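Letters A, B, ... are given to chains in the order of the sequence lines, protein chains preceding strands, and every chain is numbered from 1. The shown structure was predicted, so the numbers you read here are calculated from the model rather than taken from an experiment. Just the heavy atoms: all of them, side chains too, but no hydrogens, waters or symmetry mates, feed the values below.
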Number of protein chains: 2
Amino acid sequence: MGLQQTFKALSDPIRREILNMLKKGPLSAGEITEHFPVTAPSISRHLSVLKQADLIRDTRNGKFIIYEINTSVLEETILWVVDLKGVDENVEKKQI
Amino acid sequence: MGLQQTFKALSDPIRREILNMLKKGPLSAGEITEHFPVTAPSISRHLSVLKQADLIRDTRNGKFIIYEINTSVLEETILWVVDLKGVDENVEKKQI
DNA sequence: TTAACAATTAACCTAATTGTTAATTATATT
DNA sequence: AATATAATTAACAATTAGGTTAATTGTTAA
């Protein structure tokens, strides 16, 4: 349930961009929607996919629903990709 | 064209498993197919997706087409995810 | 309590993905 | 040359994904 949902969530460019936006700080659904040329319901579903993957968390604040990023899930993802690459990080750094 | 195709390719469990198999060494399409409960044409398309993402390379050897992993593409992916996580690798290592 | 606003859910459509079987291509063997 | 083997491509069916508009749910403010 973990890696699969994470990769699926990351496989869409709008969702990746949303995560990049939230990296700078929490935003409401409306603020997120403004940045994209698609409708609010469409963004709402993207948010729902990210939430199911536990990449974002939401809290209601009055009329607004505020989204923030949750990076803890990415730990597993990084480990998986780095392991696939099969690289000792230190060797990697020496090469650069 | 880079990140997008990589994430799309990694978003399918069969394709991730194929990469894990190839991590241990090159394999023919047939050998890969044997490990999954789907038909050869289905695996062939998965291989084609991985190839388009440049995550694998193929060379014909007689009747066989041999696939091997290409991890260089993963560099960009790792950088992207690590940057999203916003973690200084050293801090990370100290915490563990 | 009614009106307005923020956001989600519902219903629907189209495009992309994934799987199958059948046909094709390329190579090797007899 | 004919046959067998390895793999891909073509054609089709079923499912999933992503977009839209319309309807619904929460919350605030008049």
Side-chain angles (χ1 to χ4, degrees), chain A residues 1-22 25-70 73 77, chain B residues 1-22 25-70 73 77:
Chain A
M1 187 150 70
L3 269 185
Q4 179 55 30
Q5 278 187 285
T6 308
F7 276 121
K8 269 276 191 256
L10 295 179
S11 74
D12 184 273
I14 288 186
R15 291 194 288 265
R16 288 200 302 279
E17 178 64 18
I18 290 174
L19 291 173
N20 264 322
M21 290 170 70
L22 294 179
L27 293 169
S28 70
E31 288 172 316
I32 293 168
T33 298
E34 282 173 5
H35 284 68
F36 297 97
V38 296
T39 56
S42 185
I43 295 297
S44 184
R45 257 227 313 275
H46 282 303
L47 290 170
S48 148
V49 171
L50 289 168
K51 196 178 158 186
Q52 272 189 268
D54 201 26
L55 281 160
I56 59 175
R57 306 264 170 82
D58 64 333
T59 54
R60 182 174 276 274
N61 191 340
K63 275 199 292 199
F64 303 88
I65 296 179
I66 305 299
Y67 285 93
E68 62 185 334
I69 197 170
N70 170 38
V73 179
T77 310
Chain B
M1 191 148 65
L3 268 184
Q4 179 55 29
Q5 279 188 285
T6 308
F7 276 122
K8 269 276 190 258
L10 295 179
S11 74
D12 183 273
I14 288 186
R15 290 193 289 264
R16 288 199 303 280
E17 178 64 19
I18 289 174
L19 292 173
N20 263 322
M21 290 170 70
L22 293 179
L27 293 169
S28 71
E31 288 171 318
I32 294 169
T33 299
E34 282 174 5
H35 284 69
F36 297 98
V38 296
T39 57
S42 185
I43 295 298
S44 183
R45 253 222 315 272
H46 282 302
L47 290 170
S48 146
V49 171
L50 288 168
K51 197 178 156 186
Q52 272 189 269
D54 200 26
L55 280 161
I56 60 175
R57 306 263 172 84
D58 65 333
T59 54
R60 180 175 278 272
N61 191 340
K63 275 198 292 200
F64 303 89
I65 296 178
I66 305 300
Y67 286 93
E68 62 185 334
I69 197 169
N70 170 38
V73 178
T77 311

Check your understanding: Quick one: how far along DNA chain C does chain B reach, first to last nucleotide 5' to 3', anything under 4.0 Å to a heavy atom?
Key -> C/dT17 to C/dA28
Review point. Who passes side-chain hydrogen bond (donor to acceptor under 3.5 Å, both in side chains) against B/Glu31, sequence neighbours left out?
Key: B/Ser28
Exercise for review: Check side-chain hydrogen bond (donor to acceptor under 3.5 Å, both in side chains) between B/Thr33 and all other residues, then give those that pass, not counting sequence neighbours.
Suggested key: none
Point to revise | Interatomic distance, B/Thr6 atom OG1 to A/Leu10 atom CG [nearest 0.5 angstrom] | key: 12.0 Å
Study note, to complete from the structure: Here the residues of residues 10-18 of chain A within 4.0 Å heavy-atom distance, strictly under, of DNA chain C are none
Review point. How would you label the contact of A/Lys8 with the nucleic acid (heavy atoms, under 4.0 Å): base, sugar-phosphate, or nothing?
Key: sugar-phosphate
Exercise for review: Would you please confirm or rule out a distance under 4.0 Å between OP1 or OP2 of D/dG19 and any side-chain N or O of A/His46?
Suggested key: yes
Check your understanding: Could you run down nucleotides 2-8 of chain D 5' to 3' and tag each one B, S or - for protein heavy-atom contact under 4.0 Å?
Key -> ---BSSB
Revision key, fill the gap. In terms of heavy-atom contacts, B/Ser11 and A/Gln4 come closest through O-NE2, 3.0 Å
Review point. Backbone N or O of A/Ile56 within a donor-acceptor pair of the A/Glu68 side chain at under 3.5 Å?
Key: no
Study note, to complete from the structure: Taking pairs as Watson-Crick (N1-N3 plus N6-O4 or O6-N4) or G-U wobble (N1-O2 and O6-N3), each distance under 3.5 Å, the stems of three or more consecutive pairs with DNA chain D are C:1-30 with D:1-30
Exercise for review: Could you tell me which residues satisfy side chain to side chain contact (heavy atoms under 4.5 Å, CB included) with B/Asp54, sequence neighbours excluded, listed by chain and number?
Suggested key: B/Arg57, B/Asn70, B/Val73
**Study point:** Heavy-atom side-chain contact between A/Ile32 and A/Leu22 under 4.5 Å
**Key:** yes
Check your understanding: Atom CD1 in B/Ile69, atom CG in B/Leu19: separation rounded to 0.5 Å?
Key -> 5.0 Å
**Study point:** Interatomic distance, B/His35 atom NE2 to B/Glu17 atom CD [nearest 0.5 angstrom]
**Key:** 8.0 Å
Review point. In chain order, what residues pass the salt bridge (charged side-chain N to carboxylate O under 4.0 Å, His left out) check against A/Lys63, with sequence neighbours excluded?
Key: none
Practice item. May I ask you to test the A/Leu27-A/Ile18 pair for a side-chain heavy-atom distance under 4.5 Å? Key: no
Validation: residues 38-53 of chain B side-chain donor-acceptor distances under 3.5 Å, sequence neighbours left out:
from	atom 1	to	atom 2	distance (Å)
B/His46	ND1	B/Arg15	NH1	3.1
B/Lys51	NZ	B/Asp58	OD1	3.2
B/Lys51	NZ	B/Asp58	OD2	3.3

Review point. By ring-ring contact (aromatic ring centres under 6.0 Å, His included), which residues pair with B/Phe7, not counting sequence neighbours?
Key: B/Trp80
